[in-house]
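Only one structure is covered here, and it is reproduced in the block below.
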Amino acid sequence: MNLIGFENYLWLASALFCIGLLGALVRRNVIILLMCIELMLNASNLLLVVFAKMFGQMNGHIFVFFSMLVAAAEVAVGLALIVLIYRKFKTIDSSFLDNLKG
Amino acid sequence: MDLTNIAFIAFSAITLICALMVVLARNPIYSVIFLILTMFSLTGHYVLLQAQFIAVINIIVYAGAIMVLFLFVLMLMNMNASNEPNKSLLWKVLAGFISGGTLITLLVIYLKNMGDIPIQPTNNSALGAALPPDFGYVKPLGKMLFTDYVFPFEIASILFIAAMVGAVFLGSREKRTDN
């Protein structure tokens, strides 16, 4: 029934991860940076599900579950911080947020 | 050609194109919409991989909660104007080299170790053990979550309380941000 080789999933997940990495390096909008981090997290989630199927055990699904929980908490706090930054500095361009640079 | 293969190719193409459009779109609203499309195609992948519960919570948590949060913040701050300045060309080329190099490194690692990866899995698991008939269902997952992984589960609840308190605290102090 399922004739898809697992190596196809490896290539797909690494391509997805590298697209997310490219976005995190190129874009300057902080919200899009967060979204690119979500892309990379999803690539790792996909690989965890693939390995769970490959080994026939469901522990990978539990790890995906916890990864989604952590991503949700991260996005909640991160977006609250972004709203604060926008209120204080009137910008969310990451290249202007360099107050801590020595 | 098998229907599963066609579905895999279609979902992969949608995933990669929408992920690229997340990065390339000028308007942040379009980026969020394409990220939602990416989540939906990844859900299709999870269904193909017999992870039904993960597919459902991927739609509910990611496409339902997180993406709505992104859209809400974007529209609240009225940032759909695409006035984001470009980074310098040197930095773009460098970023392309970094991410492309990561991709090539990963592919070389996979190709070197390809003998360990089963190429054509059957309906059984690739390593010989048969898949249990309730693989990916809620019942075995819940059993595992509340027996073997009950301590990380409780830690996750503490993390959520901390995140909720932090988000409420950060969001409700607009009167004191100017001093």
Side-chain angles (χ1 to χ4, degrees), chain A residues 1-8 10-12 14-23 25-29 31-32 34-36 38-39 42 46 49-50 52-56 58-59 61-62 64-66 68-73 75-77 79-84 86-88 92-93 95, chain B residues 2 4-5 8 12 15-16 19-20 22-23 28 31 35 42 45-46 49-51 54 57 61 65-66 69-70 73-74 77 84 87 92 95 98-99 102-103 106-107 110 114 117-121 123 125-127 129 131 135 140-141 144-145 149 152 156 159-160 163 166-167 170-171 174 177:
Chain A
M1 168 82 187
N2 190 357
L3 296 176
I4 307 160
F6 288 121
E7 80 277 6
N8 295 329
L10 288 181
W11 294 339
L12 172 67
S14 14
L16 197 57
F17 184 87
C18 290
I19 289 172
L21 183 63
L22 177 72
L25 289 174
V26 164
R27 295 304 294 264
R28 293 167 71 171
N29 193 333
I31 290 183
I32 294 185
L34 266 183
M35 291 186 344
C36 292
E38 294 297 317
L39 271 183
N42 269 291
L46 180 64
V49 172
V50 168
K53 173 98 186 284
M54 185 168 151
F55 286 90
M58 287 180 60
N59 296 1
H61 294 186
I62 303 273
V64 173
F65 186 67
F66 284 124
M68 282 182 187
L69 292 188
V70 173
V75 166
V77 177
L79 285 178
L81 283 175
I82 288 176
V83 170
L84 266 191
Y86 184 68
R87 277 186 191 145
K88 192 171 174 66
I92 51 166
D93 194 331
S95 59
Chain B
D2 200 357
T4 318
N5 283 350
F8 173 76
S12 303
T15 306
L16 290 181
L20 264 180
V22 170
V23 176
S31 289
L35 192 53
L42 279 174
H45 280 300
Y46 293 153
L49 285 165
Q50 299 183 11
I54 297 296
I57 67 167
V61 173
I66 296 182
L69 207 58
F70 273 115
V73 170
L74 273 177
M77 297 199 285
E84 177 186 352
K87 283 205 173 181
K92 276 183 177 172
I98 290 172
S99 51
T102 310
L103 184 60
L106 284 172
L107 293 190
Y110 295 154
M114 195 51 91
I117 301 171
I119 301 298
Q120 287 289 332
N123 200 11
S125 161
L127 298 184
L131 283 182
F135 184 78
L141 222 149
M144 199 181 282
L145 191 62
Y149 292 93
L159 171 74
F160 258 106
L170 288 177
E174 71 267 17
T177 49

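Lettering follows sequence order; numbering is per chain, from 1.
Between A/H61 and B/Y46, the ring centre distance reaches or exceeds 6.0 Å.
Atom CD1 in B/I54 sits 11.5 Å away from atom CG in A/L46 (nearest 0.5 Å).
For A/F65, there are no ring-ring contact (aromatic ring centres under 6.0 Å, His included) partners, not counting sequence neighbours. The side chain to side chain contact (heavy atoms under 4.5 Å, CB included) search around B/A167 returns A/A80, not counting sequence neighbours.
With chain B as partner, the option from A/L21, A/V70, A/I19 having the largest number of non-hydrogen pairs under 4.5 angstrom is A/I19. When B/P152, B/P140, B/A65 are compared by the number of non-hydrogen pairs under 4.5 Å with chain A, B/P152 comes out ahead. Note on B/T102, B/I98, B/L103: by heavy-atom pairs under 4.5 Å with chain A, the leading option is B/L103. Ranked by heavy-atom pairs shorter than 4.5 Å toward chain B, the options A/V50, A/I62, A/L34, A/L22 are led by A/I62. The candidate from B/L145, B/L159, B/T15 with the greatest count of non-hydrogen atom pairs under 4.5 Å with chain A is B/L145.
Residue contact with chain A, scored on non-hydrogen atoms closer than 4.5 Å, involves the backbone and the side chain of B/F70 alike. Within the 4.5 angstrom heavy-atom criterion, atoms from both the backbone and the side chain of B/L141 approach chain A. Only the side chain of B/L42 has a heavy atom closer than 4.5 Å to any heavy atom of chain A.
A perpendicular orientation is assigned to the rings of B/F8 and B/H45, their planes being inclined by more than 60° (bins at 30° and 60°).
In this structure, the side chains of B/Y110 and A/S14 come closer than 4.5 Å at one or more pairs of heavy atoms.
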